[in-house]
Amino acid sequence: MSYWLFKTEPDAFSIDDLKNAPNQTTLWEGVRNYQARNFIRDDIKLGDQVMIYHSSCKLVGVVGIATVTCEAYPDPTQFDLSSDYYDAKATNDKPRWFVVEVTYKSHLNKLVSLKNIKANNAITELALKKAGRLSVMPVTKNDWNEIIAMSN
DNA sequence: GCCAACGTTGGC
DNA sequence: GCCAACGTTGGC
C-alpha cells in the first residue's frame with residue numbers, strides 16, 4: 001500500500017464536501033499536470049491512503065484522510081465542452097487526463113499546517129517542503145507517520 | 001530542441 | 001492582490 005497527498009482548494013471542494021458526498025466518494029477530477037497525471041494513471045492503487053490538503057485558503061495544511069476506492073480511468077471533464085477542464089486535444093481513443101476515486105475516511109484531530117510541516121526536520125521527502133506546485137504527490141511512510149503524529 | 005514569453009499555482 | 005517559482009507554448 002502506498003501513501004499520497006492530494007491538494008484541493010476548500011472553496012471549490014473541501015474535506016467536508018467529501019464527507020458529505022454521495023457514498024462519501026468522489027472522482028478526483030481536473031488534475032492537469034503531467035507529473036500528477038502519471039501518478040494517478042500509473043501508480044495509485046486500490047486501498048492506497050491519501051492525505052487531503054487544503055490550499056489557497058486561510059488555514060493551509062493537511063486536514064484529513066481518504067482511501068482510494070477506484071483506480072484510474074479517463075477524466076470525463078476533458079471531454080465536456082462546458083467544463084473548465086475541457087481539453088480539445090483529448091480523444092476517447094487517446095485520453096490525456098485521468099481520475100481515481102477516493103472515499104472519505106477521517107478528519108485529523110487537528111489541521112497540520114504547512115508551516116509546521118516545513119518546520120519539522122523529521123519530514124524529509126515530502127515535495128510540499130520544496131517549491132512543489134504538484135497537486136498529487138507521493139508521501140513516504142515515514143513522512144506520513146510524522147504528519148499523523150503532529151495531528152494528535 | 002532551444003529558450004523567451006506567457007500563464008498558472010499557491011503562499012503570504 | 002502580489003509575486004516568486006515553475007510549467008507550457010510556440011517561433012525559430
Side-chain angles (χ1 to χ4, degrees), chain A residues 2-21 26-44 48-68 71-102 104-140 142-152:
Chain A
S2 301
Y3 300 97
W4 305 94
L5 183 146
F6 289 5
K7 285 184 190 172
T8 185
E9 298 187 9
D11 292 345
F13 190 84
S14 71
I15 183 85
D16 294 314
D17 292 329
L18 178 60
K19 187 179 183 181
N20 294 325
T26 192
L27 292 70
W28 204 263
E29 65 188 21
V31 173
R32 294 293 181 273
N33 164 284
Y34 285 104
Q35 205 182 343
R37 188 279 309 271
N38 292 345
F39 288 133
I40 288 174
R41 187 189 58 188
D42 304 333
D43 300 321
I44 299 181
D48 283 0
Q49 299 295 109
V50 177
M51 282 178 165
I52 303 297
Y53 174 91
H54 281 175
S55 71
S56 300
C57 60
K58 203 164 185 182
L59 295 169
V60 169
V62 177
V63 290
I65 308 296
T67 304
V68 176
E71 293 182 8
Y73 60 91
D75 184 340
T77 63
Q78 71 194 302
F79 308 121
D80 178 359
L81 271 168
S82 67
S83 170
D84 288 344
Y85 300 123
Y86 175 73
D87 185 340
K89 292 178 180 170
T91 64
N92 282 301
D93 285 346
K94 284 199 168 181
R96 263 195 186 187
W97 309 111
F98 292 80
V99 293
V100 291
E101 290 180 11
V102 296
Y104 174 82
K105 184 172 178 184
S106 60
H107 278 64
L108 298 185
N109 291 327
K110 63 175 196 237
L111 175 141
V112 177
S113 69
L114 178 61
K115 190 179 166 195
N116 287 345
I117 289 171
K118 283 185 170 170
N120 184 345
N121 292 326
I123 296 172
T124 53
E125 304 294 325
L126 194 62
L128 268 183
K129 296 200 83 175
K130 298 155 196 164
R133 296 192 305 160
L134 203 54
S135 60
V136 170
M137 68 186 77
V139 181
T140 63
N142 173 72
D143 290 352
W144 178 281
N145 290 338
E146 282 293 330
I147 292 169
I148 296 295
M150 291 165 78
S151 73
N152 290 319

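Letters A, B, ... mirror the listed sequences (proteins, then strands); counts begin at 1.
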J.: Tell me which pairs pass salt bridge (Lys or Arg N to Asp or Glu O under 4.0 Å) where either residue lies in residues 27-40 of chain A, with sequence neighbours left out.
T.: A:Arg32-A:Asp75

J.: Looking only at atom types and distance, does a side-chain atom of A:Asn116 sit under 3.5 Å from a main-chain N or O of A:Val112, one as donor and one as acceptor?
T.: no

J.: Measure from NZ on A:Lys129 to P on B:dG11 and round the result to the nearest Å.
T.: 15 Å

J.: Who are the side-chain hydrogen bond (donor to acceptor under 3.5 Å, both in side chains) partners of A:Trp4, not counting sequence neighbours?
T.: A:Asp48

J.: A:Asp87: which residues meet the side-chain hydrogen bond (donor to acceptor under 3.5 Å, both in side chains) condition with it, sequence neighbours left out?
T.: A:Arg96, A:Trp97

J.: Rounded off to whole Å, could you give me the CG-to-C1' distance for the A:Asn33 and C:dC6 pair?
T.: 10 Å

J.: In chain order, what residues pass the ring pair (Phe, Tyr, Trp, His ring centres under 6.0 Å) check against A:Phe13, with sequence neighbours excluded?
T.: none

J.: In whole Å, what is the span from the CE atom of A:Met137 to the C1' atom of C:dC6?
T.: 14 Å

J.: Find every protein N or O atom lying less than 3.5 Å from an N or O atom of nucleotides 7-9 of chain B, and list the pairs.
T.:
unit_1, atom_1, unit_2, atom_2, d
B:dT8, O2, A:Arg133, NH1, 2.5
B:dT9, O4', A:Arg133, NH1, 3.2
B:dT9, O2, A:Arg133, NH1, 3.4

J.: How close or far is atom C1' of B:dG11 from atom NE2 of A:His54, stated in whole angstroms?
T.: 16 Å

J.: List the atom pairs, donor and acceptor, that lie under 3.5 Å between side-chain atoms in residues 50-59 of chain A and the rest of the protein, sequence neighbours left out.
T.:
unit_1, atom_1, unit_2, atom_2, d
A:His54, NE2, A:Ile15, N, 3.1

